Amino acid sequence: MIDNNFDRRDFLKVLGWGGAAVALTGCGNTSVQDGKETVVSYVEAAAYVAPGISTYFNSTCAQCEAGCSVTGRVREGRVLKLEGNADSVINRGKMCGLGQAGVQHHYNPDRVREPLLRNGDKGETITWEKAYELIAQKLNGVSGDNIDFMTGTISGHLKVLLSNYMDSLASKNHFVYEAISPAVQRAANLKSYGVEMPRFHINKAKVVLSFGADFLGAWVSPVHFSQQYAQFRKGSDGQRGVLVQVESKMTLTGANADRWLVVKPGTEGVLALGVINALGLAGLSLPAAVAAMVKPYDKERVSQETGVSTDHLVKLAAILKERSPSLVLLGSAAEGYAHGSQNAAAINLLNQVLGNVGKTIEAAASVPFPQVAPSLGNSAALRMVNNRLADGQTKVLFTYGVNPVFTAPKETNFAANMAKAGFKVAFAHYLDETALQADLVLPLDSALEDWGTHIAEYQPDGVQISIQQPLMEKLHANTRGMGDVLLTLIKKNRAAEYAAFEDYYAYVRTALLQNKRQFADVGVDDEVFWNDLLSAGLVNVAGTSNKLVAKLASEIKLPAAVDTDAKFPLRLIPSVTASLRDGRHANQPWLQESPDPLTTIVWDSWVEIHPKKAAELGIVEGDIVEVESKNGTVKAQAYLFNGIHPDAVSIPLGRGHDAMGRYAKGFGVNPFAILDRVFDDETGELAMHETLVKISKTGKRVIVVKDEGAAGGNQHGKKIAVNIASDQVELSGEA
Amino acid sequence: MKDINEDIAWAKINKDVLKSLESPRKLYWVILAVAIAMISVAVGCEVYQYNMGMGVSNLNNPHVWGLYIATFIFWIGMSHSGTLLSAILHLMHADWRKPIYRFAEAMTTFSLMTAGLFVMVHLGRLWQFYYSLPYPNDRGLWPNFQSPLLWDAMAIFTYLSSSILFLFVGMIPDLAICRDNMHDGWRKKLYTWLSLGWEGTDRQWRNFRITYLTIACFLIPLAVSVHSIVASDFAMSQQPGWHVTSFPPYFVAGALYSGCAAIITLFIILRYTFKFEEYMTLSILKKTVRLTFAIAMIWTYLNAIEFASVWYGHDQPSKDVLIQKATGPYAPFWWGMIFCGSIVPLMLAFKRFQTNIPVLLVTSLLLNLGMWLERWMIVAPTFSHGYYPWTWDHNQWPSWVQWGIVFGSFGWFTLLFMVFCKVFPSVSMYEVKEMVYHRSRATKKLEASGMQAKGAH
Amino acid sequence: MSVTNLLENWSEFRHAHPVGDVPHDPYKWAMSIDLDACTGCNACSVACYAENNLPVVGKEKYAAGHSMHWMRIERYWPVDDTTSLEPATREFPDQGAQFLPMMCQQCEAAPCETVCPVGATNHTPDGLNSQAYNRCVGSRYCSANCPFKVRYFNWYDYPTTENVWPAEMTQQLNPDITLRSKGVMEKCTFCVQRIRAGERSVKNEGRVLKDGEVQTACQQVCPTGAITFGNLIDSESKVHQQWKAQRVELTADEQEKDKEADSGLRGYRILEELRAYPSVMYMERVRESAI
Amino acid sequence: MSQRHLLALFSNFDEAEQVIKELRNTSIKGFDVNNDLVVKSPIEHPEVEEMLGDKPVYVQWFTLFGALMGGLLGFFLISGAQANFYEQIKGGKPIVPFPPNFVLTYEMFILGGVFITILGFLVCAGLPARRSPLYSSKVSEDQIGILVKADDAAISTLKNIFTKHEALEIQEEAGK
């Protein structure tokens, strides 16, 4: 397939009768029909286009890995807005800001529109034919061992195609890289519960104790958890759920907690064991081994090590014991240390002794078709790819959905190592930092133009296979769907096997129809089934249900004290924000202008520092401070923030791009660059919170661009945002 | 010390005043050029703002009003002394007003015209300004008569047109003098046309007297209403620091105050520029200065009353605004206002300064600076520190566009005033004659009675 | 303007909302926002950008105070000393933050309406505070008199400003809403385009809108369902029930909650004492007392 | 019978008063002191005018009319516009709210008063006027002028009176 010669218009006509149509024609975008360009007036618009009337089509959000189902509002052939698909068990009609900004990914003015070939420092526009030829030529004679394919989390039929393609190249080097992933937790969960990612029932818990899990912001499946949270707050029988958040830097979830406990960075595990100990003292029966293990963690010691007062510790144990079931969550803040796995084990142990396993933590159903189940990313993949590149093992590198040049710590030298590979192909939407290092940049369709299937890692109920379908005609003639590109590439090697598939759409359709009986009655007509599927935008299957195998940790080794360094006295917490995550969305202006919920800063990075520490260092808000680690420095404006441990500073991730277009380039700084290379002892994941820094004033000062006014967060006695103690309020009577 | 030399020949009065209409000196052109240069700055800024949008003025949310409105009030205030004082003093038969009321009334007119410009400059959609006028139209659309801004527009229109008429009517006999003394030319035609064929007949004078009196009677409540309506723009709103009952009288006092200060400034300038020493005498200046001092004290009192009522009112938001004025980012300006408005005028209480021209010039300029600061301190701090803490903005600072337009407005005023003084007699000739006439008669009477008394003795 | 009309209308118009004798009928749009559910995630604000063609003004203009977020999320910190200008006096915000979605409160006695010199902002019969963009002359008096400062002025001509809506991005614009040019005031409309479309769609059926048939963009997207929007008159509507349960009266300036010490209620309206009678009820965030 | 104008100029105002007094007391045929005598003065001169007898001024009736009409027009225009155009409620206030309307009525009252007063002045003072046949610019300077209109027969009598009172100058209209 060279050109995208699948006739969308005819296809749409078919769909139009099916009741749910994908309407794709529009002003500004001429339709390609039988090779002729026809200007179609709305006076004689196609049946599925009603001028002035919006039509809604279901698809899947591709902004993060949570796999929310979306409904695109389409008018006159243009997608206007993404709304939530109410049928999805993941997001139930709701959306986050990040998801809604998907249209700005699609309409982004800085998208790559033509295949680009590196010519010295410049990119030269070439045709797709030439690009395919070039790939074939460069792959020719290269052993499969020397071909690496680096992707972000990938699932569904794209994953199948990719693995088949790698097979056809005799390569096993598909690396799935996510700069921010709960990889440590997966390993810990596997040990504690027997599954990597169980289902969490926040809504069934009476108390949620979260160790840095920002489940309302950026953790795993935030829209889903937010809905659970709403139910949890309403509570059953008027018993409102209580949220206690333990972390060193306040996250959005921490800001919503009933009690936010600041801990010394890295001591989350100690606190967890301390709570177990306190629970035992409060009368909860602990298994003997556990009791013995937590014995040394008496409240004084724990309080001293973590900084949490003994009073709070006792109260916490009391409420956990009293209100059951509870749920203990663990997030990146607890994972990001050399002893992150130990922290995780300790926290999971707390869940186990509280008897939450099986109540608020359940096994997720496993995907009935393992080949489409998501390949989960982690940061260990980066390390592997980088090592291979450094050693010259990688001759040809493909990248898709990742931006390692941006997200790799500077110390890894990733960009330089990448240059050692003979031929680098970036499948990209924008010229991001990685694409700029590539030899060949292949422009992809946006998520709103492409076909696909997705299966999210976190499955709240059964298994949801989400369909991604085009919501409108392609904006740019020379972009291609990733699936189509892979299919074309694979046909070069396995022409016979894939001859039946004209394009990726045909492939997906065939694949799903083949498994029709899994989803529907056997008797259903193929067309009807297919149209229903597209109309729904998703299909739920029961999956195989599992039971959790709870295993108590036998040994948890927590360091006596977390390392400090006289030269670098502070700990850097690279914070993950709900809208910018690892930086791949930084070019979506809605997100840039969406104030950070806690600091309300827009369009820029900042260094969060506790006022006490700031006073010590003579820093005031707006001072440009230099944050120096062993591996480099970044300079950003200081923001005085009480929600951070005084021994830590925090810089949000996601900004600081040198590329990626007008909305991303030049705004803020990139803390990924200065991270120390410290790894989790067990999983080899990059320990994100192990970077030690020092900060100094540069003497420059700016006015921080933020929504917060001169009063800061102070209401000055006015009744504006009010709170009430839970014993003062009668929730059961509420509508 | 006499207000005026009673023996002055009437022909000399004519001659002296008409001299001010003669070919201007070089300095006059210099002043005009400077004024035009200043206007060009304002025009440039306005063109830029018109094209780019109001954002270039650095106004923002919550600072939706800024120097434009503050300076608008300043000019409106400035307008007050002219007409209001002229009318009040006329009713009170204070004849020392006669040599100085003409330019004061001109000042009224021109500062109103300047103020009007600020309303325009301030509008986000200047090109649609006529939406705020009550004109009949097909769509049956009317402005919102509930809005104090509309009252403002109405009051200013009434005041401006009445002031112009008052100025004009009062000038008719003088225009006839000009007509009678001018050589042929456009000016003669102009005066002939404007003097409406005035010949000073008894019928004309009789009706003139009544008319002038009537309009003066109207002008006093009108002038009071104008500035109290400007005060209503603020007092009728709900904002802390604005919603103050004492605002209307406070504004009126402030207006009189700044007007008087401006009269002193212009008095001194005209006295020297046109050599009007014989008419604009130090004695009259002294009276004006004393009046100014009295008004300054009234203003100070009303200011204090406002603070006190806020303070004792226990309305926390209003109190916060007051505290903010005194201690926040606007503190230097606010204290500057107190200094210029309440401390500096104390100087005027000393006799030796009441006729000291250099001191008075500096003082009057300081008073006006103080009054301008007052207006700014009414407008800006409430925006920076309103009801809603989240939107408090203590960092906003007017951009050069705002400053440029404010700066240029002084040029505009100067231009209008200078042109007026060259085209129209800035001292009322016929009234100076009246003053001389009545005074000398009174003196004679006094002398006569004195003689009698002496004789009786 | 006929004399008869004038005379007839006279008595008819001598009434006033909300104390008035003519209740809204059949709609009175209102909202309630549960701050205990609101997490401050900003999804509603982004939805508002998407739905209402709000311009992204960029860093410099944002810094100048020219942002256009009709719905803004405010973040407050609990303080012990409310008079201090410092953001927080507690060493750590150990009870979290307070988030507050703030948009036009659609006041029944809106301070902005009376002061507009050209009558560009009016109260609609269904209880909305409407803004007529093409009538607005940009005096900004409405914003000056808004206690909540939720009115946003077009300081620039955003549609023609560079990088606000570059080429392709214009295709995302919602055709149901105009783009606002420089010099006009704008603000949250309660997604009036959706309300009107909804009303039209049920008009043919000869009925009124049922609860949930019209959703505002922010309500629709809110992951925790903190925002409830609906017809306050409709006793079936959730918003009606919530107001009723919290015993919040539209036309009162002091609610039961203020009168009773232990009412157990948590519904309130912001700056209620100003008697603007906002149409948005907030429900206080709850904080667990046991921990 | 043909009539002619005569203008006499006096610098001494007392003399001018005496002239008027004398003219009023003397009955001259062909000269009506109430209609044919005009005093031209450089200043407002109530004392001299008193001599001319009780001449009424009607400007104030214009004022009354103007002010009332202005006020009424203002009030009805505004209320009418509100009642007809603004069927929309603003700020919880009545459609026809009295307080703001009173403010505007007040302004219109003054506006009408001032405008119509000026109109009245022009009407009553006969302005703009054609220049009278005899005029001296001295009248606008420092001299008082007495303009009389009389039959040819009375001219000489009048001249005598003027001369007697030290008229500086007597202008005589040429015969027709």
Side-chain angles (χ1 to χ4, degrees), chain A residues 75 78 80-81 83 94-97 100-101 103 107 109 216 223 226-227 229-230 233 240 242 244 252 255-260 262 315 319 475 578 589-590 593-594 597-598 600 602-603 642-643 662 705 707 712-717 719-727 729-730 733-735, chain C residues 35-37 39-43 45-47 49-51 56 59 62-63 72-77 79 82 84 87-88 90-98 100 163 166-169 171-172 174-175 220-225 238 241-242 245 264 266 268 270 284-291:
Chain A
R75 240 181 85 168
R78 297 178 284 131
L80 303 178
K81 189 169 182 291
E83 288 163 1
K94 301 300 185 180
M95 289 281 281
C96 64
Q100 297 179 81
V103 286
Y107 288 121
L216 298 173
V223 178
S226 292
Q227 293 177 72
Y229 170 81
R233 284 307 201 190
R240 174 179 172 277
V242 179
V244 179
L252 181 62
N256 283 288
D258 292 282
R259 182 62 63 183
W260 183 74
V262 62
K315 272 189 180 171
I319 198 168
L475 275 177
W590 285 344
E593 196 149 313
S594 177
L598 291 168
T600 75
V602 295
W603 286 103
N642 290 59
R662 65 194 79 179
V705 183
D707 198 49
N714 193 335
Q715 306 180 35
H716 288 267
K719 244 181 75 175
I720 290 173
V722 190
N723 63 63
I724 187 167
S726 62
D727 53 9
V729 72
E730 188 50 62
E734 290 186 3
Chain C
L35 298 182
D36 201 35
T39 65
C41 71
N42 246 330
S45 184
V46 176
Y49 272 75
E51 174 71 19
V56 170
K59 189 180 176 185
Y62 206 107
R72 60 175 187 244
I73 306 295
E74 295 166 3
R75 184 272 295 115
Y76 295 99
W77 297 113
V79 283
T82 54
S84 163
R90 286 191 192 174
E91 188 178 4
F92 297 106
D94 52 358
Q95 289 198 311
Q98 280 279 164
L100 182 87
N163 289 341
E168 296 90 343
M169 285 224 183
Q171 296 191 37
Q172 182 273 325
N174 185 357
Q220 184 183 27
V221 81
C222 178
T224 57
K238 194 178 170 202
Q241 284 159 4
Q242 281 183 329
R266 59 191 186 104
Y268 70 103
I270 296 173
E284 291 172 356
R285 184 186 159 178
V286 183
R287 283 209 166 82
E288 179 58 42
S289 37
I291 183 86

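Everything numeric here is computed off the predicted structure, so don't read it as measured data. Side chains included, hydrogens not; waters and symmetry mates left out as well; all remaining heavy atoms used. Every chain is numbered from 1, with letters handed out A, B, ... down the list of sequences.
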Spacing of CD belonging to A:Q100 relative to CG belonging to C:N42, to within rounding of 0.5 Å: 10.0 Å
Atom NZ in A:K94, atom OG1 in C:T224: separation rounded to 0.5 Å? 8.0 Å
Does any heavy atom of chain C fall under 4.5 Å from the side chain of [X], the backbone, both, or neither of them?
X      : answer
A:I724 : both
A:A578 : neither
A:Q227 : both

Could you please spell out the steps behind the side chain to side chain contact (heavy atoms under 4.5 Å, CB included) verdict for C:D36 and A:R240? CA-CA 10 Å; C:D36 201 35; A:R240 174 179 172 277; 2.6 Å; yes
Who passes side-chain hydrogen bond (donor to acceptor under 3.5 Å, both in side chains) against C:R72, sequence neighbours left out? C:E74, C:Y152
C:T39 meets the side-chain hydrogen bond (donor to acceptor under 3.5 Å, both in side chains) criterion, sequence neighbours left out, with none
Quick one: are [X] and [Y] in side-chain contact, heavy atoms under 4.5 Å?
X      : Y      : value
C:M169 : A:P109 : yes
C:Y268 : A:I720 : no
C:C41  : A:V223 : no
A:N723 : C:Q98  : yes
C:E288 : A:R259 : no

On a heavy-atom basis, which atom in [X] and which in [Y] lie closest, and how many Å separate them?
X      : Y      : value
A:Y107 : C:Q171 : CE2-CB, 3.5 Å
A:P597 : C:G40  : CB-O, 3.3 Å
A:W260 : C:G96  : CB-N, 4.3 Å

Heavy-atom pair count under 4.5 Å with chain A, highest-scoring of [options]:
options                : answer
C:I270, C:I291, C:V286 : C:V286
C:N163, C:L100, C:I73  : C:N163
C:Q95, C:R287, C:E51   : C:R287
C:A37, C:A43, C:P93    : C:P93
C:A63, C:A290, C:P175  : C:P175

Chi angles and distances behind the side chain to side chain contact (heavy atoms under 4.5 Å, CB included) call for A:N642, C:E91: CA-CA 6 Å; A:N642 290 59; C:E91 188 178 4; 5.5 Å; no
Using a 4.5 angstrom heavy-atom cutoff, name the option from [options] with the most pairs to chain C.
options                       : value
A:A721, A:A725, A:G97, A:A230 : A:A721
A:K719, A:E593, A:K315        : A:E593
A:L598, A:V729, A:V722        : A:V722
A:V262, A:L216, A:V244        : A:V262
A:V602, A:V103, A:I319        : A:V602

Polar side-chain atom of C:Q172 near backbone of A:L80 as donor-acceptor pair, under 3.5 Å: yes
Heavy-atom contact with chain A under 4.5 Å, split by part of C:A47: both
Test side chain to side chain contact (heavy atoms under 4.5 Å, CB included) on A:R233 and C:R285 and set out the steps. CA-CA 10 Å; A:R233 284 307 201 190; C:R285 184 186 159 178; 4.1 Å; yes
